[in-house]
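Here's the structure we're looking at; comments come further down.
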Amino acid sequence: MAHLFLVKDIAFQAGLSTATVDRVLNGRPGVRRQTEMRVKAAIAELEKQQAGAMGSGRVLAIDIVMETPQRFSDAVRAAFEAEMATFLPGVFRCRFHFAEVMKPAELAQLLDRIRLRGTHGIVLKAPDVTEVAAAVARADATGIPVVTLVTDLPNSARIAYAGADNRAAGETAAYLIGEFLGAGGGKVLVTLSSGRFRGEEEREIGFRRVIRARYPDIGITEISEGHGTDAATGTLAAAALAADPTINAVYSIGGGNRAVLAAFDAAKRPVRVFVAHDLDSDNRALLAARRIGFVLHHDLRTDARSAFRAIMSRATALPRAVTPSLSSVEIVTPYNMPAAD
């Protein structure tokens, strides 16, 4: 397998031992296909990063850890890669660890493995649970800064949060749905991927507050723990529709929007207004097809830039830590949808 990089750099990028990488590179027997693919992906990642310009600045290797559906992790990867290629004066190398569903203990073990292997920083999207907070504390105690991404761990040792004001985003969704439904009212299906994520909880709190205060004729039905996956979310949505014939709107906090719409189609029920989050590939297609009405979006490249700056401030021992500003939430319709990167 042709490559231009040190075995230790490929091993770091792939999250494997140098001995395993050496076996793959030299075509030795006893290597699983999945391991070979990880090594190939690591080399391709390093090639892209090298093309982004190594320059003369210090190279900071960081780890991006996320529990999230693939459609969102793809968008985050693209944002970090795009921002990494232009970020100066330092140069970042990112290693990505994505899974659609992880147990808290598995997440904590992954963070501990990264800590023991060594890293200049961790960018983390994870549930706000005790096991994860403890792993963050262990990383911070060894001098590894942790920045939370899009969903916060406010009671942990993280040094900064990079993302939007989730409570304000939920309030915005309530305003859009409330004004659209008007005096006729209705019932909103609120979908969460999991109640463990602080960002989703903040969106729901903001949404419920405004609905309760300004639109008392609108009811709310909540489904959760579909983890943003189509199969589980679709099953939960179908059950909710069967139990309540008055549901006529959706506020999708946690994703799985194709499955939610399929549940409405199967029940032969209309959706008067559908508000979703994030311009991932699914939501772009659904918005263009007019299946959903609004997407609340914030610039993930802004979040990536904030995370880079916060980690750099710790790595370069700046006299004053960088505090990222919250990224702004944009209301996107089929008529103002920005071009894909």
Side-chain angles (χ1 to χ4, degrees), residues 15 60-68 72-73 76 80 92 94-170 192-206 224-225 227-228 253-254 298 300 302-318 320-327:
L60 299 178
I62 67 174
D63 290 80
I64 319 297
V65 179
M66 299 177 63
E67 180 187 342
T68 193
F72 187 65
S73 64
V76 169
F80 271 80
F92 285 89
C94 294
R95 180 173 58 185
F96 298 97
H97 312 264
F98 297 149
E100 292 202 329
V101 181
M102 294 184 74
K103 296 178 180 178
E106 294 171 339
L107 257 171
Q109 289 170 2
L110 174 57
L111 293 172
D112 285 337
R113 287 199 301 272
I114 292 169
R115 169 175 57 84
L116 293 171
R117 183 184 295 122
T119 183
H120 289 107
I122 298 172
V123 179
L124 178 64
K125 178 186 180 294
D128 187 9
V129 295
T130 302
E131 297 94 326
V132 173
V136 170
R138 290 191 290 271
D140 184 75
T142 56
I144 297 171
V146 177
V147 177
T148 50
L149 181 72
V150 305
T151 183
D152 200 9
L153 305 175
N155 299 314
S156 72
R158 60 94 171 118
I159 65 166
Y161 164 69
D165 183 334
N166 285 306
R167 190 166 298 205
L192 292 85
S193 70
S194 174
R196 301 175 303 152
F197 288 98
R198 177 62 67 102
E200 294 193 9
E201 180 185 54
E202 291 290 327
R203 290 173 183 177
E204 183 192 17
I205 289 171
S224 185
E225 307 313 313
H227 302 287
I253 296 176
H298 67 281
L300 290 172
T302 298
D303 297 341
R305 191 178 311 123
S306 293
F308 285 153
R309 286 175 174 167
I311 291 171
M312 177 168 282
S313 73
R314 175 70 71 89
T316 56
L318 294 178
R320 183 171 63 87
V322 173
T323 302
S325 58
L326 297 175
S327 48

Given the rule in the side chain to side chain contact (heavy atoms under 4.5 Å, CB included) test, do V146 and L111 qualify, once you have shown the distances and angles that lead to the verdict?
-> CA-CA 10 Å; V146 177; L111 293 172; over 6 Å; no

Apply side chain to side chain contact (heavy atoms under 4.5 Å, CB included) to V150 and H298, showing your working.
-> CA-CA 10 Å; V150 305; H298 67 281; 3.7 Å; yes

Nearest heavy atoms of [X] and [Y], plus distance in Å:
X	Y	answer
A162	S306	CB-CB, 4.0 Å
I144	G121	CG2-CA, 4.1 Å
A126	L153	O-CD2, 3.8 Å
T68	S73	CG2-CB, 3.6 Å
G199	T151	N-OG1, 2.6 Å
A310	A160	CB-CB, 4.0 Å

Using the six-membered ring wherever Trp is involved, compare the ring planes of F308 and F92 and label them parallel, tilted or perpendicular (cut-offs 30° and 60°).
-> parallel

May I ask you to test the [X]-[Y] pair for a side-chain heavy-atom distance under 4.5 Å?
X	Y	value
H227	R196	yes
E67	S194	no
V123	V76	no
R115	R113	no
V147	R309	no

Could you walk me through whether R167 and I205 pass the side chain to side chain contact (heavy atoms under 4.5 Å, CB included) check?
-> CA-CA 7 Å; R167 190 166 298 205; I205 289 171; 3.6 Å; yes

Under the 6.0 Å and 45° cation-pi test, does K125 pair with F197?
->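 Geometry flag: set, cation within 6.0 Å and 45°.
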
Does E225 reach the main-chain N or O of G195 with its side chain, forming a donor-acceptor pair under 3.5 Å?
->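 Looks like yes, one N/O pair under 3.5 Å.
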
Sidechain-backbone polar pair: H120 side chain, A61 backbone, donor-acceptor under 3.5 Å |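 Judged by distance alone, yes, a pair lies under 3.5 Å.
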
Apply salt bridge (charged side-chain N to carboxylate O under 4.0 Å, His left out) to R117 and list each qualifying residue two or more places apart in sequence or on a separate chain.
-> none

Enter the distance from [X]:[atom1] to [Y]:[atom2] here, rounded to the nearest 0.5 Å.
X	Y	atom1	atom2	result
Q109	E131	CD	CD	10.5 Å
I114	H97	CD1	NE2	3.5 Å
D152	R158	CG	CZ	4.0 Å
R95	D63	CZ	CG	4.0 Å
T148	I122	OG1	CD1	12.0 Å
E201	D128	CD	CG	8.0 Å

Electrostatic pair R203:E200 at N-O distance under 4.0 angstrom =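 Result for this pair is no, no salt bridge flagged.
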
May I ask you to decide whether R314 forms a salt bridge with D140, counting only side-chain N to carboxylate O separations under 4.0 Å?
->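 Result for this pair is yes, salt bridge flagged.
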
